Amino acid sequence: CKMIKNIIIFILIVLLFWTIALKKDPVDTEIIGIGGESSEIMEGTTEIINGTVEQTENIVSEIVKQAKTYCSEASTVYVTEETIKVVSSIPGAGSAYYSLGENTPFNCPVVAPSSMTEECKAMMAETNWTEVCEE
């Protein structure tokens, strides 16, 4: 009876994380620069820092280009300025995270928060994900 209760709790936790992941709005790309100016980090745009304009087009283009290579093998792919998040199409498998130019990810399976690594907790706390794959 206790084992069945634990299995049910585990399934509920997995479903909770899955539901949160499906409902989370990943498109939140506004960045406030030091001078109070704002810009969006997207392909072909610029970021304003300390009153000067720096081109981020090349970096953003490269990370989006790398991220799009994972679109066929995942349910969803997101990017931030430095990280690619590949959400597995297998329920409960979690996500793989890649850095720009890296081919080896670190994985974060769907587990209870008490069982998560600090690295996975940091990735779960990230809110500036932008979806890159078109449906």
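This structure is a prediction, so every number in the text was calculated from the model and none was measured.
One finds the CE atom of Met124 at 4.0 Å from the CE atom of Met116 (value rounded to the nearest 0.5 Å). Separation of atoms CG (Asn128) and CD (Glu81) is listed at 8.0 Å; rounding is to 0.5 Å.
The hydrophobic cluster containing Ile90 does not contain Val111, counting ILVMFWY residues as joined when their side-chain heavy atoms lie under 4.5 angstrom apart, directly or transitively.
Under a cut-off of 6.0 angstrom, the local environment of CG in Leu12 is crowded, with over 12 non-hydrogen atoms contributed by other residues, nucleotides or ligands.
Looking only at distances, a side-chain donor or acceptor of Thr69 sits under 3.5 Å from a matching main-chain atom of Gln66. Formation of a donor-acceptor pair under 3.5 Å by the Glu131 side chain with backbone atoms of Val77 is not found in this model. Side chain of Ser99 to main chain of Glu102: no donor-acceptor pair is present (N/O by atom type, distance under 3.5 Å, no hydrogens or angles).
Each ring-ring contact (aromatic ring centres under 6.0 Å, His included) pair with one or both residues in residues 98-123, not counting sequence neighbours, appears once here: Tyr70-Tyr98, Tyr97-Phe106.
Residues Ile7 and Ile9 have side chains not in contact (no heavy-atom distance under 4.5 Å, counting atoms from C-beta outward).
Residues Val132 and Val79 approach most closely at CG1-CG2, 3.7 Å, considering heavy atoms. The two atoms that bring Glu82 and Ile63 nearest to each other are C-CD1, 3.4 Å, heavy atoms only. Of all heavy-atom pairs between Ala96 and Asn107, the closest is CB-OD1, 3.2 Å. For Lys85 against Ser95, the heavy-atom pair with the smallest separation is CE-OG, 3.6 Å. The two atoms that bring Ala74 and Ser89 nearest to each other are C-CB, 4.3 Å, heavy atoms only.
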